[in-house]
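Excluded from the calculations below are hydrogen atoms, water molecules and symmetry mates; all remaining heavy atoms, backbone and side chain alike, are included.
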Amino acid sequence: MDEAPLRAVVIGSGVGGAAAALLLAHAGIPTLLVEKERRLGGSSAAYERDGFRVDTVTHMLGCGEHGPLGDVLRRVGQGDAITFQQSDEPAALCFTGARAGAARARRVVLQAHLLRLAGTALDLARGLDLTPLEAAGAARLFAHAAAMRDVDLAACDDVTAEAYVARFIPRAAAAARLGGLLGLPLLLPGAEASAGEALFSLRRLARAGRQRYPEGGASRIPEVFCRLARELGAAVWTGATVRRVLVRDRRVQGVELEDGTVLPARIVVSAAGLLRTVSGLVGEPHFPDAYVERVRAVAPQPRLVEVKIGLRRRLVPAGALAGLAGGAGAPAFPFYCLAPTRFDPSLAPPGHELLCACAIPGGRGGASRGGPGATVDELLRALSAAVPGVLSQAIFVDGSSPDGEASAPGGELASGTAQTPGQVGRARPAVYTPVRGLYLAGRAAGGRGAGMDLAASSAMECVDRILVDLGRDLGAPAPPALIDIAGDLLGRAAGSTISWLTR
């Protein structure tokens, strides 16, 4: 094959792939995005049912326009291309089954107002069944986290969320429960989630204020990214599967599709996952043995236990619920429930409500890796306790479990890299590879944060690296906004004060 032209092929149209295609097109690089499904979005796609527009995967609320998703749009001069809505109701934590025989959830509304923080902290301590001394330890934990600098967070990258909590709350059961909550943004049990990454994600969300969800649903994000990429000259193909990435002498030559079509290119960005890219699309012989060994050792993001429920009427008095659930006398497992219609009512028929919920696999309040995980039935019981009447008002219930069985179109996070100790920060897989011209984007490599914010962060890091490798000048980074500097200083001051008062 002759020298491939300066063209980029992006594999996958999830948030990471779509953002990478948009940024590459904006940089003036001829770009083609290839998506194997007929619809765009990957794990951020949606399906229609009974008048509802349902996300295929349960998404964590993010920072919206104030986070990496907004940064991608601002980089291409389209900061207002996606509208992010806020819910009138604050998020809440729910605790079910904390005591044997508990049938209904205890709810803690997460108040952002400074004067209500003390009451929220007290309710949280009660929900976690903490002693007064442990409640003081929990207050110190959050104060310490609020005062952390980036270098302090990085020092916690190789500590699990549960182990970090144990520094403040020695009792194992209490540390497991609070650690399970800290691991929720990373969709991992507290015994596996990186404390540094979990605290980073929570700090970013706290600084963004009230959480946001895209108008039109999560699928709106990759759809808009792809539309803007097209307007900049990129091509977007759906229903086209990449059979393999063509490599010669450890240099990308292009890709070959399932129908035999060869697309020459000097740049290939894969959002298909680390192991699938290396072992499947490219082939391990093209990589150094040490790199292949590292890729094989990387733990993927586990598939979630999920349910999607369409309700006849609104029942959830919050934009999102998170908490711990479990049967009487059983260890608690973390769960999360998003109510997209609290942000955008048009996602359901008038007066109806949509719920997207997930439970963390193997996440029974500190269960070890490979331990028993939650089931769809257990998640439904948790939701019934947290939202009384949810099943009696259900029009449909779509569920999926880690064994791959599903009753409706669903997505999975298997293409992501789990954010565990040894796989975050500097130890996270890089967006570049030993094969020249081959890059990674999405939740598999690079970036920090959680969910769609992580995927967008990875895409920006990936494209920046591509431009540097091409000899482009990225320019000086934008200085931090004054409001961010003030918020950081106030957070540290408040954290230091609370930490001193509760020591």
For A441 and G16, which heavy atoms make the closest approach, and how far apart are they?
CB-O, 4.1 Å
Tell me if the OH atom of Y432 is crowded by more than 12 foreign heavy atoms within 6.0 Å.
no
I'd like to know whether CD of E293 has more than 12 heavy-atom contacts from other residues, nucleotides or ligands below 6.0 angstrom.
no
Under a 3.5 Å distance rule, please check whether D152 uses its side chain to pair with a backbone N or O of R149 as donor and acceptor.
yes
Any side-chain to backbone donor/acceptor pair from D50 onto F52? Under 3.5 Å, distance only.
no
Do H59 and C356 make a side-chain contact, defined as non-hydrogen atoms from C-beta onward lying under 4.5 Å apart?
no
Mark yes or no for whether Y336, through its side chain, and A359, through its backbone, hold a donor-acceptor pair below 3.5 Å.
no
Is it true that a side-chain atom of H352 and a backbone atom of P350 form a donor plus acceptor pair closer than 3.5 Å?
yes
Is there a donor-acceptor contact under 3.5 Å linking the side chains of R220 and T83?
no
Verdict with supporting geometry, T31 and L232, side chain to side chain contact (heavy atoms under 4.5 Å, CB included):
CA-CA 10 Å; T31 301; L232 291 171; over 6 Å; no
Residues D289, R294: salt bridge by 4.0 Å N-O rule:
no
Does the pair V10 and V34 meet the rule for a side chain to side chain contact (heavy atoms under 4.5 Å, CB included), with working shown?
CA-CA 6 Å; V10 179; V34 181; over 6 Å; no
Could you tell me whether K36 and E258 have a side-chain N and a carboxylate O separated by less than 4.0 Å?
no
Is the closest side-chain donor-acceptor distance between D469 and Y439 under 3.5 Å?
yes
Using a strict threshold of under 4.0 Å (side-chain N to carboxylate O), is an ion pair present between D150 and R203?
yes
Would the distance check show the side chain of K308 and the main-chain N or O of D55 forming a donor-acceptor pair, the cut-off being under 3.5 Å?
yes
Pick out which of I395, T341, V390, L354 makes a side chain to side chain contact (heavy atoms under 4.5 Å, CB included) with L311.
V390
Can you check whether R204 reaches H66 side chain to side chain, under 4.5 Å on heavy atoms?
no
Contact between R465 and L470 at the side-chain level, heavy atoms closer than 4.5 Å - yes or no?
no
Which pair of heavy atoms, one from S43 and one from R443, lies closest together, and at what distance?
OG-NH2, 3.0 Å
Would you say CG of D259 has more than 12 non-hydrogen atoms from neighbouring residues, nucleotides or ligands within 6.0 angstrom?
yes
Please step through side chain to side chain donor-acceptor pair (under 3.5 Å) for the pair T58 and E306, ending with a clear verdict.
CA-CA 7 Å; T58 301; E306 295 192 78; 2.7 Å; yes
Quick check: does any side chain N or O of S194 sit under 3.5 Å from a backbone N or O of P421, one acting as donor and the other as acceptor?
no
What I want to find out is whether R75 reaches D71 closely enough, with some N-O distance under 4.0 Å, to be called a salt bridge.
no
Quick one: are S219 and L40 in side-chain contact, heavy atoms under 4.5 Å?
no
Heavy-atom side-chain contact between Y291 and T433 under 4.5 Å:
yes
Within the 4.5 Å heavy-atom criterion, are L33 and R230 side-chain neighbours or not?
no
How are the rings of Y213 and F343 set relative to one another: parallel (under 30°), tilted (30 to 60°) or perpendicular (over 60°)?
tilted
Taking 4.0 angstrom as the limit, do E215 and R53 come out as a salt bridge?
no
From E35 atom CD to T238 atom OG1, the distance as rounded to the nearest 0.5 Å
7.5 Å
State, without any angle test, whether E192 and T420 hold a side-chain donor-acceptor pair at a distance under 3.5 Å.
no
Checking E461 side chain against G447 main chain: does a donor-acceptor pair fall under 3.5 Å?
yes
Taking it one step at a time, do V307 and L380 satisfy side chain to side chain contact (heavy atoms under 4.5 Å, CB included)?
CA-CA 8 Å; V307 295; L380 289 174; 4.0 Å; yes
Mark yes or no for whether R266, through its side chain, and R7, through its backbone, hold a donor-acceptor pair below 3.5 Å.
no
For a side chain to side chain contact (heavy atoms under 4.5 Å, CB included) with V245, tell me which candidate from V435, I11, V278 qualifies.
I11
Looking only at heavy atoms, the pair that brings A320 and L61 closest together is CB-CD1, 3.8 Å
Please determine whether the number of non-hydrogen atoms from other residues, nucleotides or ligands lying under 6.0 Å from atom CZ of R436 exceeds 12.
no
Under 3.5 Å: donor-acceptor pair, side chain of S201, backbone of E197
yes
Should L23 and V72 be marked as a side chain to side chain contact (heavy atoms under 4.5 Å, CB included) after you check the CA-CA gap, both sets of side-chain angles, and the distance that decides it?
CA-CA 7 Å; L23 294 169; V72 171; 4.3 Å; yes
Measure from the side-chain N and O atoms of Q301 to the backbone N and O of L187, and report whether any donor-acceptor pair falls under 3.5 Å.
yes
So which of V298, V424, V295 actually passes side chain to side chain contact (heavy atoms under 4.5 Å, CB included) with T417?
V298
Salt bridge check: are R227 and E223 linked by an N-O gap of less than 4.0 Å?
no
